[in-house]
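All values below were derived from every heavy atom in this structure, side-chain atoms included, with hydrogens, water molecules and symmetry-related copies excluded.
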Amino acid sequence: MEGLGVLEEMGELTRRGEPFALATVVWRQSPSSSQPGARAIITAGGELHGWIGGACAEPVVILQAQQVMADGTARLLLLGTPEQFGAAVPDGMTVIPISCQSEGALEVYIEPVLPVPHLVIVGDSPMTRTLASLAGALGWRAEEIRGPDFTPEAADGRSMIVVATQGHDDEDVLERAVAARPAYLGLVGSRRRGATVLGYLADRGVPRDQLDRVRVPAGLDLGPTTHREIAVAILAELVQLRASGALAGAHAGVPAAEPARDPVCGMSVTAGSSRPVRYEGTDYYFCCAGCRQAFEQDPDAYVKRETRC
């Protein structure tokens with residue numbers, strides 16, 4: 001995958017709301033096989049689509065890309081031996097020694113591309129339109145859906161759903177919203193009305209643990225407010241919950257990848273990124289076939305070296 005193919009893949013992942021990282025080669029030193037401007041996409045699962053270099057560079061870039069997605073911060077890598085850069089490495093760059101046969105080097109910029117928050121607003125009123133507008137001003141993806149048109153497929157575990165059908169089939173709409181298992185589910189209405197709706201759904205067999213996750217009334221308690229001020233209160237609650245980490249499913253970040261150390265060359269690779277070699281009850285991962293072959297020929301030599309380190 002090159003050029004246009006990488007861009008098309010980026011568009012498709014963005015459309016599906018999936019996090020990924022974009023790696024771009026900005027400098028190379030011969031005899032590296034890559035070229036400046038070469039790009040690759042790394043998915044949250046550690047798949048690399050595109051081209052940024054050979055077998056030595058790929059596992060490092062994948063591991064670093066997963067860490068970039070986890071913390072949401074871009075980083076610039078220098079891949080090579082420290083002697084190639086000496087004291088000329090600028091502050092803020094990460095130097096990753098690569099112990100492979102090639103004496104080439106790469107400078108790779110990795111940036112996270114994380115999905116924006118997804119808010120589904122079910123209902124049609126001045127409040128819902130205000131809420132959608134405010135969420136859009138924050139850069140969120142906000143969708144307004146009429147109650148009869150809403151289905152569980154409109155959301156997923158990362159979505160936030162606000163049901164504001166105002167007495168029009170609240171029970172049916174909320175039951176469908178619960179089935180989506182969103183990161184947040186709120187019902188606009190009084191506590192009394194909410195208790196009635198939730199009690200009805202409990203009688204219909206909706207699991208109590210799912211109903212307990214419904215926030216009624218949705219939004220921060222600001223006392224008597226106007227319909228548009230209710231929209232502000234709801235958005236304020238969503239921002240607060242996201243900032244505090246209470247909506248784990250709604251966060252776009254990716255769990256940090258588990259690093260492993262190639263016992264032959266010492267490079268950091270992603271555990272699970274390749275087929276491991278099991279020796280004396282331990283799985284060992286490798287950056288390339290050469291390191292794997294060397295280990296398989298004399299595993300004790302490398303295991304003892306690991307133990308000494």
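Closest approach of Val6 and Gly50 over heavy atoms only: CG2-CA, 4.4 Å. The two residues Asp71 and Arg75 have their closest heavy-atom pair at OD2-NH2, 3.1 Å. Annotation for Leu114 and Pro19: closest pair CD2-CB, 3.8 Å, computed over non-hydrogen atoms. Taking every heavy atom of both residues into account, Pro112 and Val68 meet most closely at CD-CG1, 3.4 Å. The two residues Leu247 and Leu238 make their nearest non-hydrogen contact at CD1-O, 4.4 Å. Taking all atoms of both residues into account, the shortest heavy-atom contact from Pro182 to Ser159 is CB-O, 3.4 Å.
The existence of a salt bridge linking Arg213 and Asp209 is excluded, since no basic side-chain nitrogen approaches an acidic carboxylate oxygen closer than 4.0 Å.
How far CG of Asp300 is from CD of Glu280: 6.0 Å, rounded to the nearest 0.5 Å. Expressed to the nearest 0.5 Å, how far CD1 of Ile42 lies from CZ of Phe20 amounts to 10.0 Å. Summarising the geometry, atom CD1 belonging to Ile96 is positioned 4.0 Å from atom CD belonging to Gln64; distances are rounded to the nearest 0.5 Å. Rounding to the nearest 0.5 Å gives a distance of 8.0 Å between OG1 of Thr94 and CG of Leu76. Rounding to the nearest 0.5 angstrom, the gap separating the CZ atom in Arg191 from the OG1 atom in Thr196 is 14.0 Å. In this structure, Asp283 CG and Arg278 CZ are separated by 4.0 Å, a value rounded to the nearest 0.5 Å.
Note: the hydrophobic cluster containing Val162 does not contain Val178 (ILVMFWY, side chain heavy atoms under 4.5 Å, direct or indirect links). Hydrophobic clustering (ILVMFWY, side-chain heavy atoms < 4.5 Å, transitive): Leu119 and Ile145 are in distinct clusters. Side-chain heavy atoms closer than 4.5 Å link hydrophobic residues (I, L, V, M, F, W, Y) into clusters, and following such links, possibly through other members, connects Met160 to Leu131. Tracing side-chain contacts under 4.5 Å through hydrophobic residues (I, L, V, M, F, W, Y), one reaches Ile161 starting from Val206; they form part of the same cluster. When the side chains of ILVMFWY residues are joined at heavy-atom separations under 4.5 Å, either directly or via intervening members, Val122 and Ile230 end up in two distinct hydrophobic clusters.
Ring planes of Tyr284 and Phe295: tilted class, angle from 30 to 60°.
For Ala21, the side-chain contact (heavy atoms from CB on, under 4.5 Å) partners are Ala65, Met69, Ile110, not counting sequence neighbours. With sequence neighbours excluded, no residue satisfies salt bridge (Lys or Arg N to Asp or Glu O under 4.0 Å) with Arg176. Judged as a side-chain hydrogen bond (donor to acceptor under 3.5 Å, both in side chains), and not counting sequence neighbours, the contacts of Arg16 are Glu12, Glu18. Partners of Ala294 by side-chain contact (heavy atoms from CB on, under 4.5 Å), not counting sequence neighbours, listed by chain and number: Val264, Tyr302. Thr151 pairs by the side-chain hydrogen bond (donor to acceptor under 3.5 Å, both in side chains) definition with Glu153, not counting sequence neighbours. Taking the side-chain contact (heavy atoms from CB on, under 4.5 Å) definition, one finds that Leu138 meets it with Trp140, Leu235, Val239, sequence neighbours left out. The side-chain contact (heavy atoms from CB on, under 4.5 Å) test applied to Ala40 returns Leu48, Ile52, not counting sequence neighbours. For Arg146, the side-chain hydrogen bond (donor to acceptor under 3.5 Å, both in side chains) criterion is met by Asp149, not counting sequence neighbours.
Checking side-chain atoms of Arg242 against main-chain N and O of Pro117 turns up no donor-acceptor pair under 3.5 Å. Within the 3.5 Å criterion, the main-chain N or O of Ala44 finds a donor-acceptor partner in the side chain of Gln66. Distance alone, capped at 3.5 Å, places no donor-acceptor pair between the Thr165 side chain and the Asp169 backbone.
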Could you pull out all donor-acceptor pairs under 3.5 Å where a side-chain atom in residues 198-205 meets a protein atom, sequence neighbours excluded?
from: Tyr200; atom 1: OH; to: Arg204; atom 2: NH1; distance (Å): 3.3
from: Arg204; atom 1: NH1; to: Asp172; atom 2: OD1; distance (Å): 3.1
from: Arg204; atom 1: NH2; to: Glu175; atom 2: OE1; distance (Å): 2.8

Atom pairs and distances, side-chain donor-acceptor, residues 214-226, under 3.5 Å, sequence neighbours left out:
from: Asp221; atom 1: OD1; to: Gly223; atom 2: N; distance (Å): 3.1
from: Thr226; atom 1: OG1; to: Glu229; atom 2: N; distance (Å): 3.1
from: Thr226; atom 1: OG1; to: Glu229; atom 2: OE1; distance (Å): 3.4

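Val61 has its side chain within reach of Leu79: a pair of non-hydrogen atoms, C-beta onward, lies under 4.5 Å apart. Residues His49 and Thr43 have side chains in contact (heavy-atom distance under 4.5 Å, counting atoms from C-beta outward). Under the 4.5 Å side-chain criterion, counting only non-hydrogen atoms from C-beta, Val163 is not in contact with Phe150.
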*Evaluate the criterion side-chain contact (heavy atoms from CB on, under 4.5 Å) for residue pair Thr130 and His227; output intermediate values, then yes/no.*
CA-CA 9 Å; Thr130 300; His227 288 292; over 6 Å; no
*Please walk me through it: do Thr128 and Val188 pass side-chain contact (heavy atoms from CB on, under 4.5 Å)?*
CA-CA 10 Å; Thr128 61; Val188 177; over 6 Å; no
_For a side-chain contact (heavy atoms from CB on, under 4.5 Å) check, start with the C-alpha distance between Arg39 and Tyr109, then their side-chain angles and the critical distance, and finish with the verdict._
CA-CA 10 Å; Arg39 291 179 295 190; Tyr109 181 68; over 6 Å; no
*Begin from the C-alpha positions of Leu174 and Leu185 and carry the test side-chain contact (heavy atoms from CB on, under 4.5 Å) through to its verdict.*
CA-CA 9 Å; Leu174 191 61; Leu185 176 54; 3.9 Å; yes
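Within 6.0 Å of the CZ atom in Arg181, the count of heavy atoms belonging to other residues, nucleotides or ligands does not exceed 12.
Listed by first and then second residue, the salt bridge (charged side-chain N to carboxylate O under 4.0 Å, His left out) pairs involving residues 61-70 amount to none (not counting sequence neighbours). Residue pairs meeting the salt bridge (charged side-chain N to carboxylate O under 4.0 Å, His left out) criterion with at least one partner in residues 129-141, sequence neighbours excluded, are Asp124-Arg129, Arg141-Glu143.
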